[in-house]
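First up is the structure itself, then whatever we jot down about it.
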Amino acid sequence: MDSAPTHRQFEITLLQERAAGTFARVYLAEAIGADGLSRIVAVKVLKEQWSDSGELLDRTRDEARLLARLHHKNILRVEAMAELQGQPTIIMEFVDGLDLKQLIEGREDNGEDGGKPIPARAAYSIAQQAASALEAAYFKVPYGMSDPLKVVHRDVKPSNIMVSCEGGVKVLDFGTARYSWEGRHAKTGALRFGSLKYMSPERRGGDRGDHSSDIYSLGLVLIEMLQGKLLPLLPLDEAEHDGTIAALVEELTNLCMPNEDWAASLRQTLSRMCASDPALRLNAEQCVQLLRAFADQANGPSLDSFAAEQVTSMSTRLYGGGSEGALSGSRIFVAINGTTGEGRAASGSDQAAPHLSPAVPSPDGELFPPDPGASNVQSVPSGSGLDTDPFGQHLPYEDFERTPIE
C-alpha cells in the first residue's frame with residue numbers, strides 16, 4: 001500500500017463507476033479525513049485518451065475552479081482538484097439519485113411505469129430548480145468579485161441534470177461553459193462542445209451561444225419530461241423548427257393545470273423557451289418565477305413524492321449490483337487549499353410559493369397573463385422581473401468551435 005503524503009487531509013478510494021461520457025468517467029468514492037470520519041463523494045476523472053488534449057486539460061481545471069466559485073444549492077459543489085494516474089480529477093459532492101436521461105429512459109423501458117412521463121408537477125419543479133442554477137451562474141455576483149461571471153453552460157441536457165432520492169436537483173458538468181473570468185485557462189479550441197440535439201438553432205449554425213441558448217436547451221428537456229420520451233434531432237429551418245415545437249407542445253395533454261388559462265400560459269412558456277429566435281426567449285430569472293408558479297398551481301405528485309417513490313427504487317435497480325469499473329480501488333490523497341477547491345494530490349492504486357399569474361413577456365416587454373379577472377390567480381407583482389426585456393446581452397466570441405462531438 002502506498003504511504004500517504006504528510007500534507008494530505010483526505011484519503012479517497014474509488015468504489016463504483018456511476019457514469020461515463022465522451023470525455024470523463026464519474027465514480028462514487030469514500031473520503032476518509034485525518035480525524036477518521038468517512039463520507040461519500042463523487043470523483044470525475046478525464047479519460048486516458050484525452051491526455052494529450054491541452055484544451056480538455058485546461059477545461060477540466062477551469063470547470064473545477066468555476067464550480068468552486070458558483071455557490072448555489074442547484075449547482076454541483078466541488079471539493080478539490082487532484083490527479084489520478086496522471087489524469088486531472090475533480091472531487092465533487094455525491095448526489096444519490098439519477099440524472100433525467102436515466103429517469104426518462106427508465107420510465108420508458110422498465111416495469112409498470114414504462115412509457116409514463118415524469119409527473120407534471122414534479123417536472124415543473126425540476127425545471128425551475130435547473131433554471132435557478134442557470135440564473136445564478138449567469139447573473140449572480142460571486143463572493144469576492146464585483147461582476148457576475150455570465151456563465152453560459154452550453155451543454156444543458158437530461159444527463160446533466162440530476163434528481164436526488166430526496167428531491168434535490170443539481171446541474172452538472174460546466175466543463176464546456178463560457179464565462180467572463182480572467183482566471184480561466186481554456187481559450188481556443190478545436191472541439192465543438194455540447195450535444196447537437198440540445199443545441200439552440202444559432203449554436204447549430206455556428207454561433208458561440210449566449211444565455212438564451214441554455215434556456216432553449218432547458219425548454220427541450222422540460223418537453224421531454226412531459227412527453228416521457230427523448231426527442232429526435234429537430235429541423236434547423238426556422239419555420240419548420242417552430243412548427244415542430246408547436247406540435248410537440250400541443251401534444252402535451254396532461255399538464256395538471258387548474259384551468260385552461262394556466263395550461264395555455266404553460267404552453268406559451270414552452271414555446272417561448274424553445275423559439276428559434278433568441279430574442280423571443282425568456283431568461284432564467286423569468287423561467288424560475290413562471291415554473292415555480294406552475295408547480296404551485298399543478299396537481300399530482302410533488303417532486304419530493306416522486307423522488308422518494310420512483311427515483312429511489314430506480315436508483316436501487318440500476319446501482320444495486322455494485323458494478324465497479326476499471327479504476328475501482330484506486331486511491332487519491334488530497335489536501336484542500338483555501339476556498340478555491342484546488343488541492344495537492346498524490347495518487348496510488350490498490351486494486352481490489354405564492355399563487356402568481358403565469359404571465360409571459362411578449363417580444364416588446366408587455367405581459368399577457370391568463371384572464372386577469374379570474375378569482376384563483378393574482379397579477380404579477382411589480383418588480384417581479386417579468387416586465388422587462390432581458391435580451392441584448394452577448395458574450396464576446398473568444399474562441400471558435402469546430403468538429404461537432406455528440
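The closest side-chain heavy-atom distance from L266 to V249 is not below 4.5 Å. Between I223 and M273, the closest side-chain pair of non-hydrogen atoms is not below 4.5 Å. Counting only heavy atoms from C-beta outward, the side chains of R121 and S302 approach each other to under 4.5 Å. No side-chain heavy atom of V26 sits less than 4.5 Å from a side-chain heavy atom of L172. Within the 4.5 Å cutoff, the side chain of V151 has no heavy atoms near those of the H153 side chain. Within the 4.5 Å cutoff, no side-chain heavy atoms of K157 are placed close to those of K101. Counting heavy atoms from C-beta on, the side chains of V152 and Y138 come closer than 4.5 Å. Under the 4.5 Å side-chain criterion, counting only non-hydrogen atoms from C-beta, P117 is not in contact with N254.
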Set out, in order, the CA-CA distance, both residues' side-chain angles and the distance that settles side chain to side chain contact (heavy atoms under 4.5 Å, CB included) for L15 and Y27, then state yes or no. CA-CA 7 Å; L15 303 176; Y27 279 78; over 6 Å; no
Evaluate side chain to side chain contact (heavy atoms under 4.5 Å, CB included) for L234 paired with L248, printing each intermediate quantity in order. CA-CA 11 Å; L234 299 184; L248 289 170; 4.2 Å; yes
Show your reasoning for whether salt bridge (charged side-chain N to carboxylate O under 4.0 Å, His left out) applies to K140 and E285. CA-CA 11 Å; K140 183 180 178 181; E285 182 181 13; over 6 Å; no
Check step by step if side chain to side chain contact (heavy atoms under 4.5 Å, CB included) holds for V171 and V156. CA-CA 8 Å; V171 175; V156 175; 5.6 Å; no
Test side chain to side chain contact (heavy atoms under 4.5 Å, CB included) on M314 and Q102; report intermediate values, then the result. CA-CA 9 Å; M314 292 175 65; Q102 293 170 319; over 6 Å; no
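Formation of a donor-acceptor pair under 3.5 Å by the S200 side chain with backbone atoms of D214 is not found in this model. One N or O on the side chain of D242 and one on the backbone of S276 form a donor-acceptor pair closer than 3.5 Å. Remark: the backbone N or O of S212 is not paired with any side-chain donor or acceptor of D210 at under 3.5 angstrom. Checking side-chain atoms of D155 against main-chain N and O of S195 turns up a donor-acceptor pair under 3.5 Å. A side-chain donor-acceptor contact under 3.5 Å links Q286 to the backbone of N283. The backbone N or O of Q310 lies less than 3.5 Å from a partner atom in the side chain of S313, making a donor-acceptor pair. In this structure, the side chain of Y216 does not engage the main chain of P201 through any donor-acceptor pair within 3.5 Å. Between the H211 side chain and the A284 main chain, a donor and an acceptor come within less than 3.5 Å of each other.
A salt bridge links E260 with R267; the closest basic N to acidic carboxylate O contact falls under 4.0 Å.
Put simply, the residue from E202, R203, R204 that forms a side chain to side chain donor-acceptor pair (under 3.5 Å) with S213 is E202.
The two atoms that bring C287 and L282 nearest to each other are SG-CB, 3.9 Å, heavy atoms only. The shortest non-hydrogen separation linking C274 to L220 is SG-N, 3.5 Å. Here the shortest heavy-atom pairing between L84 and R331 reads CD1-O, 4.0 Å. Of all non-hydrogen atoms in F10 and G33, the two that sit nearest each other are CD2-CA, 3.8 Å. When all heavy atoms of M257 and F294 are compared, the closest pair comes out as CE-O, 3.2 Å. Looking at every heavy atom in both residues, V169 comes nearest to N74 through O-ND2, 2.9 Å.
Atom NZ of residue K197 and atom OG of residue S217 lie 11.5 Å apart, to the nearest 0.5 angstrom. Atom CZ of R25 is separated from atom NZ of K44 by 13.5 Å, given to the nearest 0.5 angstrom. Summarising the geometry, atom CG belonging to L303 is positioned 8.0 Å from atom OG belonging to S164; distances are rounded to the nearest 0.5 Å. Distance CG/L290 to OH/Y124: 12.5 Å, rounded to 0.5 Å. Atom CD1 of I91 is separated from atom CD1 of I12 by 4.0 Å, given to the nearest 0.5 angstrom. Taking CD1 from I161 and CG from L98, the interatomic distance works out to 14.0 Å, rounded to the nearest 0.5 Å.
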